[in-house]
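Values below: all heavy atoms of this structure, side chains included; hydrogens, waters and symmetry mates excluded. Naming convention: chains lettered A, B, ... in sequence-line order (proteins, then strands); numbering from 1 in each chain.
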Amino acid sequence: MNQPQDILAGLNTRQKEAVVTTEGPLLIMAGAGSGKTRVLTHRIAYLIHEKQVNPWNILAITFTNKAASEMKTRVSDLVTEGGTDVWVSTFHSMCVRILRREIDQIGYSRSFTIAAGSEQKTLMKRVLKTLNLDPKKFSVNAMLGEISNAKNQLINDRDYMRNAVTYWQKTVAKCYVEYQSELRKAETLDFDDLIMLTVRLFEENDELLAYYQRKFQYIHVDEYQDTNHAQYRLVELLGQRFKNVCVVGDADQSIYGWRGADMSNILDFEKDYPEAKSIFLEQNYRSTKNILQAANTVIENNPNRKEKKLWTDNQPGDKITVYFAGDEYAETEYVAEQIRSLMTTDSTLNYDDFAILYRTNAMSRVMEETLRKRRIPFQIIGGTGYYERKEILDLMAYLTLIVNPADDLSFRRVVNEPKRGIGAATIDKLTDIALMNDVSLYEAALQAQNTNLSARAANNLESFAHMIQDFRKMTEFVTITDLVESILDKTGYLDVLKKDNTLESDARIENLEEFYSLTENFDRVADEDENSLLEFLTDLALIAPTDDIEEESTEVTLMTLHSAKGLEYPYVFIIGVEDTIFPLIRQDSDEEDLEEERRLAYVGITRAERKLFLTNASSRMLYGRRLYNRTSPFIRELDDEVVEIERPTDAASYKTGNYNNPFKKRAISGTPVPGAASKSTRRKKHHPVGVGAEKEDWTVGDKVKHGKWGIGTIIQIKGEDKDMQLDIAFPSEGIKPLLASFAPITKIEKE
DNA sequence: CCCGAGCCCCTTTTT
DNA sequence: GGGGCTCGGG
């Protein structure tokens, strides 16, 4: 079986070439569905089998943990032994693994914990407060975003401070320094620290770097188009010695720019590695000709793009169905009905042959409702899900504090949860005490008796700290499942919920019980010798939404377009394909953002194997507001010949249907045909109400001045009062849909 | 110190 | 539409 010819069997010429080109830098430009995972796994197998490379000298970096474990399995299937010794992991997991061994060299504890999402926010909120900053001017999100960007650029807090020029930068710098020092004190790293500190570790320690360079003789990076600068640098450092760096990716699928991903990493690979070979995989094995043509014509609208054309030997297949619904309910009904009727027609189909994709998580709710009503089983991937629930976060904070008592973030979260008479005033005092003695809150609490705290408060704190101490001792000899059970019991957490006896508390109890399936799974495979609690928490922190997709389930899968990257389904629905929603346009969106949105559309379209549906609604409720959106330009960009349009047959819903024919060509790209606005929204009296620009009396044709984009013309008015939306054409920016109550605009008086 | 009511905010995508 | 936060009363 395991002969080299088997390893190359079934690969096309280009794929074979990519597999056997093992020495030196290699760029594999792999279009969607061109079999790149196959190439990567076969290449690794080939290295082991044919080139006698030790599995442990091979590194492969994937985008998600799931992709990593799949790759491991597939490599193991191809080689006789050693498949599991290959390092296959995500950047973040790899860095954790390295840091757990080495981070003490740069002064951190090796049992550091990881702060994700909501924890970072909580911390940043406190930072803003301590620095007395107006949260209206400096939002937690903006601040964290800026710091994340800096870290992705390998700029640490001190460098940032040194280089800060503007008031905004100087303020960010202060926050960055404070944020970092809090994390540091808590022996906690955020996601970006994992990469940045690993790079720092290597840059400051030649011997250590040399060790890992010798270890990783063959390096593979998948989804290279979505690497950021820090990750780029990490690969560069590791690959310097052997230069056997093989990167795989597709610039057209670069969709993580907002997260610091830098497409030029892949575009400039040949410059960075002058001796690099490039191989292009352009034959698609996944989709029908029509689907590919749709994908190709859409992506061709991106001006800044390297020419590339996917082709396939597959059948032309069905046309793309574009459906115009009246509102979001009609839209989801249509999707549900299609699934039902397709399954009736073709009995070989299963629910898991269908995926429903959307631009924002918020859009899953109506879809969810409809599917539930129609009794179609489904799973939702990602979103504000399980791991963001209060009770789960509380429980995880307990576990984190137990394993890392220095973690003040977790301490704060659970010290009075459930209520045990330790209020804000007490915590403030304790914080001062801890600060003065240079100890953690936990340590300060252990000795609360010897302080000026009231006897009652001190007692409460001490018994809390002792309880944590006891849990800490337990970890040495009980499973995580037992530990969790003990926490929920001894802290009284479960009791409080039980006594509450409301629908909500029942749900929380259920969620906590679900947590046991995680711990039990982990306990089953846990290594006796390792600090398994720490490992358990690390795994949870690094989990990606798609890691949770149930392979065996027979359910329809709902997820964002981002989450769908790398996946494929016979039938794909993309819902909410409307202007300003997909592409998602925000007030500061620019041309580059639009191109990334288009790449996202490309990713979405190419997920479909057999049949693609694009749906939209002429009116939809979003974030408590009813929006009236035009059809997405992406629909307009499709070739007429690969599309068939469907509209509601039911007269009632047709009434609210989208009157705008998306294929009616526009005078100038982005400028609507005169009269295209529906009658109901065009000429309405807008009475001055509210506080923003909606209190003005606007008419189509009015000239306005925008704070950022200068002078523009109103071309359409939708909704009224606080829901008023103005479409304004700016000479340099094109058309921007603005929510009047937020828009920084003023009317220009006629001269 | 706790809890509830009302107010306010926001509202993209995720390792 | 919904969740987090503040403020005021007990």
Side-chain angles (χ1 to χ4, degrees), chain A residues 61-68 89-96 114-118 120-122 125 129 135-136 139-142 144-145 148 151-152 189-195 223 226-228 230-231 254-261 357-366 381-385 387-390 416-427 454 456-457 460 504 538-547 559-565 576 580-589 593 596-597 599-600 603-604 620-627 739 741-742:
Chain A
I61 293 169
T62 58
F63 201 69
T64 62
N65 296 300
K66 186 165 169 254
S89 73
T90 64
F91 271 109
H92 291 89
S93 301
M94 173 181 81
C95 289
V96 168
I114 299 164
S118 61
Q120 290 174 276
K121 281 192 185 177
T122 313
K125 265 180 218 156
K129 212 168 189 175
K136 277 177 194 157
S139 81
V140 169
N141 283 336
L144 285 173
S148 174
K151 289 182 176 179
N152 290 333
L189 311 194
D190 67 15
F191 279 119
D192 305 312
D193 285 335
L194 295 174
I195 316 282
E223 307 284 9
D226 281 322
T227 52
N228 60 38
Q231 293 164 336
S254 168
I255 55 175
Y256 283 96
W258 51 275
R259 203 169 86 177
L357 312 179
Y358 34 79
R359 179 61 179 83
T360 65
N361 283 303
M363 291 173 53
S364 70
R365 256 200 38 225
V366 178
I381 306 305
T384 319
Y387 297 104
E388 292 290 308
R389 305 232 168 91
K390 182 189 177 319
N416 201 30
E417 192 67 63
K419 305 278 176 272
R420 42 176 80 90
I422 303 173
T426 307
I427 298 299
S454 75
R456 227 186 75 151
N460 290 341
E504 195 198 333
T538 306
D539 284 359
L540 285 191
L542 297 182
I543 215 163
T546 46
D547 293 341
M559 69 190 134
T560 63
L561 287 144
H562 281 88
S563 289
K565 186 173 80 157
T580 74
I581 290 190
F582 188 31
L584 186 80
I585 306 287
R586 314 188 75 207
Q587 296 216 0
D588 55 352
S589 295
D593 294 326
E596 181 153 314
E597 294 288 319
R599 291 193 292 270
L600 191 56
V603 168
R620 108 169 33 244
M621 191 74 109
L622 209 59
Y623 306 123
R625 286 197 162 87
R626 187 147 286 280
L627 300 178
L739 214 47
S741 56
F742 293 157

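Between A/Arg586 and A/Asp593 no salt bridge is recorded (no basic side-chain N to carboxylate O distance below 4.0 Å).
Interatomic distance, NE2 of A/His92 versus OG1 of A/Thr538, reported as 13.0 Å (0.5 Å rounding).
Looking at heavy-atom distances under 4.0 Å, A/Lys151 makes no contact with the nucleic acid at all. A/Tyr256 comes within 4.0 angstrom of the backbone, heavy atoms only, and of no base. At a threshold of 4.0 angstrom between heavy atoms, the contacts of A/Ser93 with the nucleic acid are absent.
Checked against B/dC2, B/dT14, B/dC1, the side chain of A/Asn416 finds its nearest nucleotide in B/dC2. Between B/dT13, B/dT14, B/dC1, one nucleotide has an atom nearer to the side chain of A/Ala425 than all others, and that is B/dC1. Here B/dT15 is the nucleotide among B/dT13, C/dG4, B/dT15 with the atom lying nearest to any side-chain atom of A/Phe191. Here the side chain of A/His92 is nearest to one of B/dC2, B/dT13, B/dT15, namely B/dT15. For A/Asn141, the side-chain atoms get nearest to B/dT11 when compared with the rest of B/dT15, B/dT11, B/dT13. Nearest nucleotide to the A/Arg586 side chain, out of B/dT14, C/dG4, B/dT11: B/dT11. Among the nucleotides B/dC2, B/dT14, B/dT12, the one closest to the side chain of A/Lys419 is B/dC2. With B/dT13, B/dT11, C/dG2 as the candidates, the nucleotide lying closest to the side chain of A/Arg365 is C/dG2.
Nearer the 5' end of DNA chain B, as judged by each residue's closest nucleotide, is the contact made by A/Ile422, out of A/Ile422 and A/Leu584.
Rounding to whole angstrom units, NE2 of residue A/His562 and P of B/dT15 are separated by 11 Å. Per the geometry, CE belonging to A/Met621 stands 10 Å off P belonging to C/dG2, to the nearest Å. Between A/Lys121 atom NZ and C/dG4 atom C1' the separation is 11 Å, expressed in whole Å. Distance, A/Arg420 CZ to B/dC3 P: 13 Å, rounded to whole Å. B/dT12 atom P lies 14 Å from atom CG of A/Leu144, rounded to whole Å. Across the protein-nucleic acid pair, A/Phe63 atom CZ and B/dT14 atom C1' stand 8 Å apart, rounded to whole Å. Between the CG atom of A/Asn228 and the C1' atom of B/dT14 there is a distance of 13 Å, given to the nearest Å. Counting to the nearest Å, the P atom of C/dG4 and the NZ atom of A/Lys129 are 15 Å from each other.
An aromatic stacking contact links A/Trp258 with the base of B/dT13, defined here by ring centres under 5.5 Å apart and ring planes under 30° from parallel.
Of the side-chain N and O atoms in A/Asn361, one or more sit less than 4.0 angstrom from OP1 or OP2 of B/dT13. Checking the phosphate oxygens (OP1, OP2) of B/dT12, no side-chain nitrogen or oxygen of A/Thr560 falls inside 4.0 Å. Between B/dC9 and A/Lys125, no contact under 4.0 Å exists linking OP1 or OP2 to a side-chain N or O. At B/dT11, none of the side-chain N or O atoms of A/Thr360 fall inside 4.0 Å of OP1 or OP2 (strictly under the cut-off).
In this structure, A/Leu600 and A/Arg359 have side chains that are in contact, with non-hydrogen atoms separated by less than 4.5 Å.
Comparing the C1' positions of B/dT13 and C/dG4 gives a spacing of 23 Å, expressed to the nearest Å.
Note on ring orientation: taking the six-membered ring where Trp is involved, the planes of A/Tyr256 and A/Phe63 are tilted (angle from 30° to 60°).
Among the candidates A/Thr560, A/Asp226, A/Thr64, the single residue satisfying the side chain to side chain donor-acceptor pair (under 3.5 Å) test with A/Lys565 is A/Asp226.
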> Given A/Ile581 and A/Arg620, is the side chain to side chain contact (heavy atoms under 4.5 Å, CB included) satisfied, shown in steps?
Replying inline: CA-CA 10 Å; A/Ile581 290 190; A/Arg620 108 169 33 244; 3.5 Å; yes
